[in-house]
Protein chains: 2
Amino acid sequence: MTHMPVDSPSRDRIIHPATDTLDLATVMRAVGDPLRLAIVRLLADGKERTCNDLQQALGLPASTGSYHLRLLREAGLTHTRPHGTQRITSLRRADVEHRFPGLLQVLTR
Amino acid sequence: MTHMPVDSPSRDRIIHPATDTLDLATVMRAVGDPLRLAIVRLLADGKERTCNDLQQALGLPASTGSYHLRLLREAGLTHTRPHGTQRITSLRRADVEHRFPGLLQVLTR
DNA sequence: TCCATAGTTCCAAATATTTCGAAAGATTGG
DNA sequence: CCAATCTTTCGAAATATTTGGAACTATGGA
């Protein structure tokens with residue numbers, strides 16, 4: 001039997017909070033760390049990035065980068081999707097803008 | 001000799017960071033706590049409040065309230081001025097808006 | 001199947017934050 | 001000066017966050 005295609009619905013899903021459950025204090029706490037704020041700003045150009053991209057850009061060990069990316073994802077700021085052996089992270093621009101209008105502007109100007 | 005008048009320039013000054021030195025991550029961290037976010041929201045009506053007002057409103061012991069008010073003040077979100085035996089805190093609305101346009105709207109809507 | 005790659009999770013240590021009672025400081029009125 | 005009031009600071013415990021190496025998992029290519 002051949003392998004499942006990339007991004008198959010049958011693979012373990014990465015959990016993302018629903019847009020309308022995002023909590024402002026939780027989001028603020030997430031970006032209240034300089035490293036995580038830097039990640040959000042890197043992602044603000046709308047391009048997707050692998051974990052490695054972000055870890056390299058900030059000079060972090062893999063486990064540390066993974067930890068911070070998890071907090072951003074759980075706060076609802078980012079979306080991560082599997083792609084082969086990589087995971088690709090992007091800013092949840094529309095969702096965050098919908099839930100907290102103006103916030104991204106504040107974070108990224 | 002009679003006492004100095006209230007708010008005399010000679011009394012120990014409460015330290016507030018200059019508007020143009022406010023740090024976004026520090027501000028975000030400050031409001032990333034539910035208690036402190038609640039304080040900011042109470043102050044968002046523009047009225048000044050004593051420490052006691054705020055502690056009562058949130059059911060906090062005095063020392064806990066004082067701690068959180070200090071963090072908000074040091075982050076640059078609030079201004080505190082002495083008035084008799086009390087200290088009166090207000091939101092640094094114009095300063096925060098000038099430094100981080102749109103942030104207060106996000107925090108208080 | 002075996003291997004290399006990408007990323008996560010586990011774990012423990014280091015550090016930081018939060019809490020609140022007790023003590024101390026500051027100010028006013030008497 | 002004294003007492004009352006409001007607030008801050010101290011100190012110590014509880015809790016939470018951050019860090020990064022090592023082990024583990026998942027995937028795709030050979």
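Every chain is numbered from 1, with letters handed out A, B, ... down the list of sequences.
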OG1/B/Thr108 to CG/B/Leu103 distance, rounded to the nearest 0.5 angstrom?
9.0 Å
Measuring only between side-chain heavy atoms, which start at C-beta, is B/Met28 closer than 4.5 Å to A/Leu107?
yes
Find the distance B/Leu72:CG to C/dT18:P and express it as a whole number of Å.
11 Å
Do nucleotides 7-20 of chain D as a string where each nucleotide becomes B, S or -: B if the base has a protein heavy atom under 4.0 Å, S if just the sugar-phosphate does, - if no protein is that close.
SBB-------SBBB
Rounded to the Å, how far apart are B/His83 NE2 and C/dA26 C1'?
15 Å
Just so I know, are the side chains of B/Asp53 and B/Thr89 near enough to count as touching, which here means a heavy-atom distance under 4.5 Å?
no
Contacts table for residues 54-66 of chain A: side-chain donor-acceptor under 3.5 angstrom, sequence neighbours left out:
{"unit_1": "A/Gln55", "atom_1": "NE2", "unit_2": "A/Ala62", "atom_2": "O", "d": "3.2"}
{"unit_1": "A/Gln56", "atom_1": "NE2", "unit_2": "A/Asn52", "atom_2": "OD1", "d": "2.9"}

Tell me the interatomic distance from B/Ile14, atom CD1, to C/dT27, atom C1', rounded to whole angstroms.
13 Å
Is it the case that B/Arg92 and B/Thr19 place a side-chain donor and acceptor less than 3.5 Å from each other?
yes
